[in-house]
Amino acid sequence: MAYKAFPAPTSSGNTVFEGDVLNGYTTPDGKKVSLQFFSNDRGYTAANYIVHAEGAKALRKELQDLLDANTAKTGVFSAESTQKSFRLARELDGAPLILFCNGNDKLRGRSFHRGDAETMKKIGAEFDLVLKTLDDVMAGKGPGSEA
């Protein structure tokens with residue numbers, strides 16, 4: 001599915017975004033952002049992070065730092081991100097990478113995304129689209145705005 005952002009149908013003023021991996025919403029001021037990382041592994045689950053716009057940017061950096069340091073590794077390994085929001089692992093030699101997303105919402109706490117280094121890059125690219133959406137919404141240029 002192509003990434004899209006649109007005004008929430010509830011007339012809340014929030015903006016909803018949907019992609020292949022990341023879904024969620026933001027308030028117009030960016031003070032509440034819900035980021036849901038959906039799993040492509042082990043069923044339909046989502047790790048949910050409830051943050052503010054700056055927290056979303058910090059999560060993106062934390063994820064990128066983890067991926068930069070580990071996606072080229074071969075063999076069995078496990079590495080956690082600095083704040084333990086993510087973990088990247090390979091459980092068997094030659095097996096795909098597994099990204100563990102450890103959300104901060106206790107009701108929807110963890111999901112898994114499996115793939116190669118290119119798959120992990122696509123997650124980062126989609127996260128960048130989310131951050132652009134957040135910036136646009138807070139600047140009053142989000143979907144449905146008159147500006």
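Since we're looking at a predicted model, the values are computed, not measured.
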Please check this pair: side chain of [X] against backbone of [Y], looking for a donor-acceptor N/O pair closer than 3.5 Å.
X	Y	value
Ser81	Leu66	no
Ser39	Phe112	yes
Asn102	Arg110	no

Test side-chain contact (heavy atoms from CB on, under 4.5 Å) applied to Lys121 - qualifying residues, sequence neighbours left out: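 Per chain and number, Lys121 pairs via side-chain contact (heavy atoms from CB on, under 4.5 Å) with Glu118.
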- [ ] Starting from Phe6, walk the hydrophobic network (Ile, Leu, Val, Met, Phe, Trp, Tyr; side-chain heavy atoms closer than 4.5 Å) and list everyone else you reach, by chain and number.
- [x]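 Its cluster mates, by chain and number, are Val16, Tyr25.
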- Do any pairs count as a side-chain hydrogen bond (donor to acceptor under 3.5 Å, both in side chains) and have a residue in residues 49-59, sequence neighbours left out, and if so which ones?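 Residue pairs passing side-chain hydrogen bond (donor to acceptor under 3.5 Å, both in side chains), neighbours aside: Lys57-Asp135.
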Exercise for the section: Would you please name every residue forming a side chain to side chain donor-acceptor pair (under 3.5 Å) with Asp105, sequence neighbours left out? Expected result: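 Applying side chain to side chain donor-acceptor pair (under 3.5 Å) to Asp105 gives Asn48.
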Next item on the list: Determine, using the 4.5 Å side-chain heavy-atom cutoff (strictly less than), whether Val137 and Leu129 are members of one ILVMFWY cluster.
Entry: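 No, it is not one cluster - the side chains of Val137 and Leu129 are not joined through contacts under 4.5 Å.
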- Is a salt bridge present between Asp128 and Lys132, judged by a nitrogen-to-oxygen distance below 4.0 Å?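 So Asp128 does not pair with Lys132 through a salt bridge.
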Query raised in the report: How about Phe127 and Val21: do any of their side-chain heavy atoms sit closer than 4.5 Å?
Result: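 No; the side chains remain at least 4.5 Å from each other.
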With heavy-atom distances below 4.5 Å as the criterion, would you say the side chains of Pro7 and Thr15 are in contact?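 The answer is no, as the side chains (C-beta and beyond) never meet within the 4.5 Å cut-off.
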(message) Applying salt bridge (charged side-chain N to carboxylate O under 4.0 Å, His left out), can you list everything that pairs with Lys31, at least two apart in sequence or on another chain?
(response)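 Residues passing salt bridge (charged side-chain N to carboxylate O under 4.0 Å, His left out) with Lys31: none at all.
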Identify, with sequence neighbours excluded, every residue that meets salt bridge (charged side-chain N to carboxylate O under 4.0 Å, His left out) alongside Lys61.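 Scan of Lys61 (salt bridge (charged side-chain N to carboxylate O under 4.0 Å, His left out), adjacent residues dropped) gives Asp65.
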